[in-house]
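Following: one structure in structure tokens, then a few remarks.
So you know, we letter chains A, B, ... as the sequences are listed, proteins then strands, and number each from 1.
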Number of protein chains: 2
Amino acid sequence: MDKDGSGSRSHFEAMHFVEDVGLLLERQGIPRMAGRIIGWLLICDPPHQSASQLAQVLGASKASISTMTRLLIEMSLVEQVGVPGQRRDHFHIKPGAWDEVMRETLDEIVLGRQLADRGLELLERKPAELKQRLREAREVYAFFEEEYPALLERWEKTRKKTLR
Amino acid sequence: MDKDGSGSRSHFEAMHFVEDVGLLLERQGIPRMAGRIIGWLLICDPPHQSASQLAQVLGASKASISTMTRLLIEMSLVEQVGVPGQRRDHFHIKPGAWDEVMRETLDEIVLGRQLADRGLELLERKPAELKQRLREAREVYAFFEEEYPALLERWEKTRKKTLR
DNA sequence: TAATTAGTTTAGTCAAGACTGAACATATTA
DNA sequence: TAATATGTTCAGTCTTGACTAAACTAATTA
């Protein structure tokens, strides 16, 4: 039995999965290759992989892997792990990575609300109907800014029940 | 009094606002110029503008405005409006545009959950500990997929109180 | 119908940045 | 220390897509 998370039969499906994760994350502004690394680290066996393994499986240069793993570590999505009896560092999906992703959404929301407020200041002396557009945007952001933390907290609770 | 939403005194701030909206939306994968159009349409007076007005204010080509307004209409963020006594169509922020943005978030979440499920199928015959990473991702998405619609609904209610 | 104005389409330019190869560093093993 | 294996940095290539100029279409006015 192979150690790469797929019999050669399902190797095609595995690579297809990797590619689709790359596509999905690209839409969130993450470079394609970084997304592929995430995709592979989600399904590989063992769950940690060295830089050269990643380069080989994904058909990418060492340089690209080096740059993208650094980016992913910076984003707190990937972690380096030492593997006993192995020379160099390996990478794996950082536990709790997805919580981090969801938490970052909150930052975007806050930025949006703040920007809307700035816009409203520009319209200070204008009639209410002109402010309507921006008030709408502001209120959406403000609502989510208020609700989102509670949602995250509820997730933390649910999480402990669902996983492990 | 000028009709562009800013005295020349505050013209600089207005353009700065426009630029920042462009930057914020660019991070969501919307082209810079499209973001600028949104930014300007949020603060201009009157709230509807013709293609040539947009081109002039934003210092962009007619072609770019034409392409980007089409994109924004496609995304349901902007609408065409007829203005009595004016030759051609004008554009304005579509009322409820931000609701639409929030609703699209749900699509992303669903896609994420589905993709995680596909990954889990690939690991079907593997031990539970190997599935842990993906289960975590899946459960986060699943949680939001379940909670998000209720959140949107609560927003719809709050909205009617807050606005108008 | 000619002249003017408004907007779209097309073909092409340009810039950003993802990615690579090769030189360089660092550590491990012999 | 030499030889090998692993990873990083740098300089340059290549692709993508945002943007423009100019030709084209359509509508309005004279």
Rounded to whole Å, please give me the gap between CD in A/Q56 and C1' in C/dT20. 17 Å

Nucleotide by nucleotide, 5' to 3', does protein get under 4.0 Å of the base (B), only the sugar-phosphate (S), or neither (-) in nucleotides 12-20 of chain D, counting heavy atoms? ------SSB

Quick one: B/R70 CZ to C/dT8 P, roughly how many Å, whole number? 7 Å

Rounding to a whole Å, what distance do you find between A/L72:CG and C/dA18:C1'? 14 Å

What's the CG-P distance between B/L71 and C/dT9, to the nearest Å? 14 Å

Other residues, nucleotides, ligands: >12 heavy atoms within 6.0 Å of B/E108 CD: yes

What is the distance, rounded to the nearest whole Å, between atom CG of A/L25 and atom P of C/dA18? 14 Å

Show your reasoning for whether salt bridge (Lys or Arg N to Asp or Glu O under 4.0 Å) applies to A/E100 and A/R103. CA-CA 5 Å; A/E100 184 60 25; A/R103 231 170 283 122; 3.0 Å; yes

Determine whether B/M102 and B/W155 make a side-chain contact, defined as any pair of heavy atoms from C-beta on separated by less than 4.5 Å. no

Check whether any side-chain nitrogen or oxygen of B/S66 sits under 4.0 Å from OP1 or OP2 of C/dT9, and answer yes or no. no

Rounded to whole angstroms, how far apart are CD on B/Q53 and P on C/dT5? 16 Å

Examine the side chains of A/H90 and A/H48 and answer whether a donor and an acceptor come within less than 3.5 Å of each other. yes

Decide whether B/Q28 and A/Q28 meet the rule of one side-chain donor and one side-chain acceptor closer than 3.5 Å. no

Using a strict 4.0 Å threshold on nitrogen-to-oxygen distance, state whether A/E19 and A/R36 make a salt bridge. yes

Rounded to the nearest angstrom, tell me the gap between atom CG in B/D89 and atom P in D/dA26. 16 Å

